Amino acid sequence: MSVRTKVIAGNWKLNKDVHQTEELLTGLKISLTFDLKGVRVIVCPPFTSLETANRCTKGSVMSLGAQNMYHEDEGAFTGEISPKMLKSVGCEYVILGHSERRQIFGETDELINKKVKKAIASGLVPIVCVGETLDQREKNVTSQIVTTQVRGVLKDISAEQVQKIIVAYEPVWAIGTGRNATPQQAEEVHLLIRTLLAELYTPAAAGDVIIQYGGSVKPDNAAELLWQPNVDGALVGGACLKADSFSAIIKAAVR
Ligand code: PGA
């Protein structure tokens with residue numbers, strides 16, 4: 001198995017105005033002075049903070065991502081943001097298909113697939129989220145649900161393109177609940193995703209895909225989750241809003 005980089009991304013969600021953005025990123029720059037070998041750090045503030053974040057992260061170890069985008073470059077799409085706009089403020093990554101987008105805003109695998117294709121065509125790295133609800137886990141349909149989602153969001157994506165994608169496995173029941181998946185539960189689904197990718201593409205392509213875990217990742221559970229064989233990083237919500245907790249999670253990912 002290839003040695004994959006660990007990728008730690010902070011999903012700020014609907015938090016932090018411009019002033020608070022500057023504060024948090026300043027704190028992170030002070031905290032992130034340890035050797036980050038083998039770890040990539042991404043921060044994903046809200047749209048209104050991206051320009052500030054771009055300025056604050058320049059020359060730092062942090063890369064910038066957005067939390068969503070539309071699959072067109074411009075036009076009559078009130079309220080939407082394009083990949084071109086994201087790139088103009090320094091974004092390299094974009095979270096797509098987060099469960100909150102799916103559940104609250106009705107995003108489907110089909111729409112997310114359009115966004116994934118557009119992101120890749122635009123030179124952004126999509127962080128594509130999949131994961132089952134509590135009800136689905138209890139009904140023992142986790143593998144079917146995750147398989148359908150992965151197939152759906154990656155429709156018509158080539159083997160070459162898939163290696164540029166980050167997949168985030170985020171069990172919905174673990175998001176914001178303080179109840180993280182156990183390392184075994186996470187590894188089981190990560191392995192399922194990697195096996196599926198090997199079937200859909202090639203084992204070599206599947207071996208290169210970064211698969212992050214997300215859902216109540218905290219400093220005290222990060223290491224055991226991050227060091228499962230098929231867990232290549234974390235998508236962090238609540239714990240990324242404070243410099244000390246986010247940097248502690250990043251530290252847990254350093255080899
Ligand atoms: P959480 O959120 O870490 O607060 O559970 C994770 C996410 O939604 O990406």
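For ligands, and for the atoms within them, numbers begin at 1 and follow the listed sequence. A quick note: this is a predicted structure, and the numbers were derived from the prediction, not measured.
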Subject >> Atoms of ligand 1 close to H98 [distance to a heavy atom under 4.0 angstrom, numbered from 1] >> reply: 7 (C), 8 (O), 9 (O)
Original post:
So is E170 polar-close to ligand 1, meaning N/O to N/O under 3.5 Å?
Top reply: yes
Original post:
Do the side chain of K115 and the main chain of N68 share a donor and acceptor less than 3.5 angstrom apart?
Top reply: no
Subject >> Geometric N/O contact T177 with ligand 1, under 3.5 angstrom >> reply: no
Original post:
Does any N or O in the side chain of K118 come within less than 3.5 Å of the main-chain N or O of P83, such that one atom is a donor and the other an acceptor?
Top reply: no
Subject >> Heavy-atom donor-acceptor pair, R4 side chain to G207 backbone, under 3.5 Å >> reply: yes
Subject >> Nearest non-hydrogen protein atom, atom 3 (O) of ligand 1 >> reply: G237 N, 2.8 Å
Original post:
Heavy-atom contact under 4.0 Å between K13 and ligand 1?
Top reply: yes
Original post:
By number and element, which atoms of ligand 1 are closer than 4.0 Å to a non-hydrogen atom of G238?
Top reply: 1 (P), 3 (O), 4 (O)
Original post:
Within less than 4.0 angstrom of ligand 1, does G215 place any heavy atom?
Top reply: yes
**OP:** Check each of E188, H190, R194 against N230 using the side chain to side chain donor-acceptor pair (under 3.5 Å) test, and report the only one that passes.
**Re:** R194
Original post:
So among I112, L111, T133, which one has a side-chain contact (heavy atoms from CB on, under 4.5 Å) with R102?
Top reply: I112
Original post:
Is there a donor-acceptor pair closer than 3.5 Å between any side-chain N or O of E23 and the backbone N or O of H19?
Top reply: no
Original post:
Quick one: does A174 get within less than 4.0 Å of ligand 1, heavy atoms only?
Top reply: yes
Subject >> Main-chain N/O of L226 paired with K6 side-chain donor or acceptor, under 3.5 Å >> reply: yes
**OP:** For G176, take its heavy atoms, then give the atoms of ligand 1 lying under 4.0 Å from any of them.
**Re:** 1 (P), 4 (O), 5 (O)
**OP:** Please confirm whether A239 comes under 4.0 Å of ligand 1, counting heavy atoms of the residue only.
**Re:** no
**OP:** Would you sort out whether H98 and Q67 count as a side-chain hydrogen bond (donor to acceptor under 3.5 Å, both in side chains), showing the intermediate values?
**Re:** CA-CA 8 Å; H98 188 279; Q67 299 171 21; over 6 Å; no
**OP:** Give the atoms of ligand 1, by number and element, whose distance to some non-hydrogen atom of N11 is under 4.0 Å.
**Re:** 9 (O)
